[in-house]
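Below is one structure, written out as structure tokens; comments come after it.
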Amino acid sequence: MDGLLREKARTLLNANYISTTLSTADKGYNVNIAVISVLEMIDDETIICARFGADRTYANLKETGKGVFMVLLTDNEKTKDGIRVYVELKEDQAEGEYYERIRKRLEDTRYAAFPLKNCLVFRITDILPVSMLKKE
């Protein structure tokens with residue numbers, strides 16, 4: 001994976017923008033998208049994510065194990081920037097080091113009142129920009 005894209009992904013994901021989403025599909029190819037606001041790219045291969053809702057997304061991940069995080073930034077529809085990070089679910093934790101790390105991160109957000117159900121641990125499989133279009 002490209003080092004610049006990896007660093008861009010880390011910066012954008014760790015900023016926890018309200019525009020961060022996680023897209024998933026079940027085995028029947030029924031697609032779902034959820035806003036995911038508390039996550040952290042902790043190294044070049046791993047993302048941890050707080051789950052306190054997103055039941056359909058969670059069910060899809062348990063079925064297929066695959067998803068795509070996207071952070072989209074716009075400037076009054078004049079420009080766009082962002083990142084797409086393809087992932088596979090590696091672990092589903094209700095305790096442990098990653099669980100405690102994401103719990104502390106959750107406590108420092110506007111979602112602190114929501115009970116943490118679990119910590120999803122993802123392995124990054126690919127990183128792409130939002131747009132692949134090239135200017136000619």
State whether the number of non-hydrogen atoms from other residues, nucleotides or ligands found under 6.0 Å of Ile18 atom CD1 is greater than 12.
yes
Would you please test Ile47 and Leu13 for side-chain contact (heavy atoms from CB on, under 4.5 Å) and show each step?
CA-CA 9 Å; Ile47 295 171; Leu13 290 171; 3.5 Å; yes
Which residues pass the side chain to side chain contact (heavy atoms under 4.5 Å, CB included) test with Asp55, sequence neighbours left out?
Arg51, Lys117
Less than 3.5 Å apart, which donor and acceptor atoms pair up between the side chains of residues 60-67 and the rest of the protein, not counting sequence neighbours?
| residue | atom | partner | partner atom | Å |
| --- | --- | --- | --- | --- |
| Asn60 | ND2 | Thr24 | OG1 | 2.9 |
| Lys62 | NZ | Asp92 | OD2 | 3.1 |
| Glu63 | OE1 | Lys27 | N | 2.8 |
| Thr64 | OG1 | Ala25 | O | 3.2 |
| Thr64 | OG1 | Asn60 | O | 3.1 |
| Thr64 | OG1 | Lys66 | N | 3.4 |
| Lys66 | NZ | Glu88 | OE2 | 2.8 |

Any ring pair (Phe, Tyr, Trp, His ring centres under 6.0 Å) involving residues 87-112? Give me the pairs, sequence neighbours left out, ordered by first then second residue.
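Every pair satisfying ring pair (Phe, Tyr, Trp, His ring centres under 6.0 Å) with a residue in residues 87-112: Phe52-Tyr111.
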Of all the heavy-atom pairs spanning [X] and [Y], show the shortest one and how long it is.
{"X": "Thr20", "Y": "Leu39", "result": "CG2-CD2, 4.0 Å"}
{"X": "Leu116", "Y": "Ile102", "result": "CD2-CG2, 3.9 Å"}
{"X": "Val71", "Y": "Val130", "result": "O-CG2, 3.7 Å"}

Do [X] and [Y] sit in the same hydrophobic cluster, where Ile, Leu, Val, Met, Phe, Trp and Tyr count as joined when their side-chain heavy atoms come under 4.5 Å apart?
{"X": "Ile127", "Y": "Tyr17", "value": "yes"}
{"X": "Leu89", "Y": "Leu22", "value": "yes"}
{"X": "Tyr58", "Y": "Val121", "value": "no"}
{"X": "Phe114", "Y": "Leu106", "value": "yes"}
{"X": "Met41", "Y": "Leu73", "value": "yes"}

Give, for atom [atom1] of [X] and atom [atom2] of [Y], the distance between the pair rounded to the nearest 0.5 Å.
{"X": "Ile33", "Y": "Arg56", "atom1": "CD1", "atom2": "CZ", "value": "13.0 Å"}
{"X": "Leu128", "Y": "Ile83", "atom1": "CG", "atom2": "CD1", "value": "7.5 Å"}
{"X": "Arg101", "Y": "Cys119", "atom1": "CZ", "atom2": "SG", "value": "9.5 Å"}
{"X": "Met70", "Y": "Ile36", "atom1": "CE", "atom2": "CD1", "value": "13.0 Å"}
{"X": "Leu72", "Y": "Ser19", "atom1": "CG", "atom2": "OG", "value": "6.0 Å"}
{"X": "Ile124", "Y": "Lys90", "atom1": "CD1", "atom2": "NZ", "value": "10.0 Å"}

Taking 4.0 angstrom as the limit, do [X] and [Y] come out as a salt bridge?
{"X": "Asp75", "Y": "Lys80", "value": "no"}
{"X": "Asp44", "Y": "Arg10", "value": "yes"}
{"X": "Glu100", "Y": "Lys104", "value": "no"}

Tell me yes or no: between the side chains of Thr57 and Asn32, is some donor less than 3.5 Å from an acceptor?
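Their side chains do contain a donor-acceptor pair, which is all the 3.5 Å distance test asks for.
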If only side-chain N and O atoms count, and only distance matters, is there a donor-acceptor pair under 3.5 Å linking Asn16 with Arg105?
yes
Polar side-chain atom of Thr11 near backbone of Glu7 as donor-acceptor pair, under 3.5 Å
yes
Can you check whether Thr46's main-chain N or O pairs, donor with acceptor, with Arg123's side chain at less than 3.5 Å?
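Pair absent, no side-chain N/O of Arg123 close to backbone of Thr46.
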State yes or no: are the ring centers of Phe122 and Phe69 separated by less than 6.0 Å?
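Ring centres of Phe69 and Phe122 closer than 6.0 Å.
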Before giving the answer on side-chain contact (heavy atoms from CB on, under 4.5 Å), spell out for Leu4 and Lys8 the whole-Å C-alpha distance, their side-chain angles and the decisive distance to 0.1 Å.
CA-CA 6 Å; Leu4 290 174; Lys8 183 175 188 175; over 6 Å; no
